[in-house]
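First the structure, in the form of structure tokens, and then the observations on it.
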Amino acid sequence: MFLRSDGRVRFIRITRRTQLRALAAGALVLLIWGGGTLTAVVWSLRAPALDPSVSRVAVVAPPPAVVHPSAAPPAAAPRDTAAIRELLRRQRLIEQLVASKLGQPVVHHGLERPVREGDDTLGALDAAQQGFARGLGKTFDADRERRTAALHRLGLDAERLAARGRRAEGGPLIPWPDDGTAVPAALEALATSVVHWAAVGQGAASVPSGRPTRESSQTSSFGVRADPFNGRATFHAGLDFRGRYGEPIYAAAAGRVSFVGERAGYGRLVEIDHGDGIASRYGHLSGADVTQGEQVARGQRIARMGSTGRSTGTHVHFEVRLHGTAVNPQPFLAFGDTKGR
């Protein structure tokens, strides 16, 4: 291609590839234009055939309503209102009962499908709720029986301990439920199971099963051993826990401090009476943090570790006594570690 401009002649060469690209682009433009024109003609021919009674404005039907699972259910029929109120009342009673003993709220479980007309959903919920109450009662009973058996293995009477825990109780008489209405048999049985379970647990609180130290390691076991001073076979009435001087010593269970002072062989000693012939001793102390006659709680700091009395180093001598006789404290500590299970 020759191009003349301002008296000058220029030669411009267009390659074959460029020519083909330009030709393809032009053909595409023509194709698009022709298609659009053809479509317009077709629609213009079809328009008179439309029914003139039909409006040219499209009316779109609204989509069906979608009910979110968390949305409130439709209002219940009048005949179902009383049943729903009763089921909700029972559920509140179950939650109140369990939460008051376990110290945690009950997880809510909703229906997995919506209520449909003709469904006996209320009847199914009633049966499931009473079944839940019976199952929960069996769980409390089984746990109480395991703990009772564990206490018996320690030589203790679980029922006696539970009865002792009820000796100093009182308060105003408030029926349960407080609205004076009756409860189903399954819920009544659950309440009885929870009360008995709690009584055994309260009685077990007086069993010296808490460790007297937090970080110390055991250095001597219960029973026959070589005496640390003369090497002869002697009987050791407790467990020894080695630690640092002044380390805190804690009460193994709730009780009343029955002795604080010096005693031969023990050095400085603290003794706690847990009731029903159960006592615990803490020897070789550097000092006491409680006084005789004081009521202490399980895990309360009562003394400081030392090496007084017949001792070769800083440690605490821990004893458990039943009716004046020393018994092996190890099963008691295991009872505490497993919570009687």
Side-chain angles (χ1 to χ4, degrees), residues 151 153-156 161 204-337:
L151 289 171
R153 289 193 295 269
L154 296 177
L156 303 175
L161 292 176
S206 63
V207 176
S209 55
R211 294 189 173 274
T213 64
R214 296 290 184 265
E215 301 177 357
S216 302
S217 59
Q218 182 178 330
T219 57
S220 185
S221 59
F222 176 87
V224 177
R225 68 169 184 180
D227 183 81
F229 288 93
N230 57 32
R232 297 177 181 176
T234 54
F235 182 80
H236 188 228
L239 303 177
D240 289 342
F241 293 91
R242 178 178 55 194
R244 53 183 174 80
Y245 189 86
E247 180 178 340
I249 304 299
Y250 304 95
R256 181 183 62 86
V257 178
S258 56
F259 181 84
V260 176
E262 298 286 338
R263 184 169 292 180
Y266 291 94
R268 179 164 290 273
L269 175 72
V270 170
E271 181 174 291
I272 301 177
D273 180 9
H274 304 288
D276 283 330
I278 309 172
S280 58
R281 291 180 178 179
Y282 313 80
H284 308 303
L285 306 172
S286 61
D289 297 328
V290 291
T291 58
Q292 188 168 333
E294 182 178 344
Q295 291 289 334
V296 296
R298 176 188 172 95
Q300 178 179 332
R301 175 172 172 165
I302 58 173
R304 300 178 299 278
M305 187 178 294
S307 186
T308 57
R310 197 169 185 268
S311 171
T312 60
T314 303
H315 73 287
V316 61
H317 172 85
F318 174 60
E319 267 186 39
V320 174
R321 289 182 168 261
L322 296 182
H323 305 289
T325 301
V327 296
N328 189 356
Q330 198 68 58
F332 287 81
L333 297 183
F335 177 87
D337 291 341

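Atoms considered below: every heavy atom in the structure, side chains included; atoms not considered: hydrogens, waters and symmetry mates.
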| Rounded to the nearest 0.5 Å, what separation is found between the OH atom of Y250 and the CZ atom of R301? | 6.5 Å
| Does the S311 side chain pair with the main chain of G309, one donor and one acceptor, at a distance under 3.5 Å? | no
| request: Go through H284 and T314 one step at a time and tell me if the side-chain contact (heavy atoms from CB on, under 4.5 Å) criterion holds. | output: CA-CA 8 Å; H284 308 303; T314 303; over 6 Å; no
| So, S286 side chain and R304 main chain: donor-acceptor pair closer than 3.5 Å or not? | yes
| remark: Taken to the nearest 0.5 Å, the spacing of N328 CG from S221 OG works out to 8.0 Å
| message | Test side-chain contact (heavy atoms from CB on, under 4.5 Å) on L154 and F332; report intermediate values, then the result. | response | CA-CA 7 Å; L154 296 177; F332 287 81; 4.0 Å; yes
| field | Minimum heavy-atom distance V260-V290, with the two atoms named | value | CG2-O, 3.9 Å
| Spacing of M305 atom CE and Y282 atom OH [to the nearest 0.5 Å] | 12.5 Å
| message | On a heavy-atom basis, which atom in A297 and which in A251 lie closest, and how many Å separate them? | response | O-CB, 3.6 Å
| note | Residues at least two apart in sequence or cross-chain that pass salt bridge (charged side-chain N to carboxylate O under 4.0 Å, His left out) with R310, listed by chain then number, are D227
| task | Applying side chain to side chain donor-acceptor pair (under 3.5 Å), run through S206 and R298 and close with a yes or a no. | result | CA-CA 8 Å; S206 63; R298 176 188 172 95; over 6 Å; no
| Does a side-chain N-to-carboxylate-O contact under 4.0 Å join D273 and R321? | no
| Ignoring hydrogens and geometry, is there a side-chain-to-backbone donor-acceptor pair from S258 to E271 under 3.5 Å? | yes
| request: Any chance you could measure I302, atom CD1, to T291, atom OG1, to the nearest 0.5 Å? | output: 12.0 Å
| Is there a donor-acceptor contact under 3.5 Å linking the side chains of S220 and R242? | no
| request: Apply the test side-chain contact (heavy atoms from CB on, under 4.5 Å) to residues I249 and V270: give CA-CA distance (whole Å), side-chain angles for both, the deciding distance (0.1 Å), then the verdict. | output: CA-CA 10 Å; I249 304 299; V270 170; over 6 Å; no
| task | Measure the spacing between CG of L285 and CD of E247 and express it to the nearest 0.5 Å. | result | 12.0 Å
| query | Quick one: which of L239, L333, T213 gives a side-chain contact (heavy atoms from CB on, under 4.5 Å) with Q218? | reply | L239
| field | Donor-acceptor contact below 3.5 Å, side chain T308 vs main chain R268 | value | yes
| task | List the steps and the verdict of side-chain contact (heavy atoms from CB on, under 4.5 Å) for F318 and S280. | result | CA-CA 7 Å; F318 174 60; S280 58; 4.2 Å; yes
| Is a side-chain donor-acceptor pair under 3.5 Å present for Y266 with E319? | yes
| task | Look up atom CD1 in I278 and atom CG in L161, then write down how far apart they are to the nearest 0.5 Å. | result | 5.0 Å
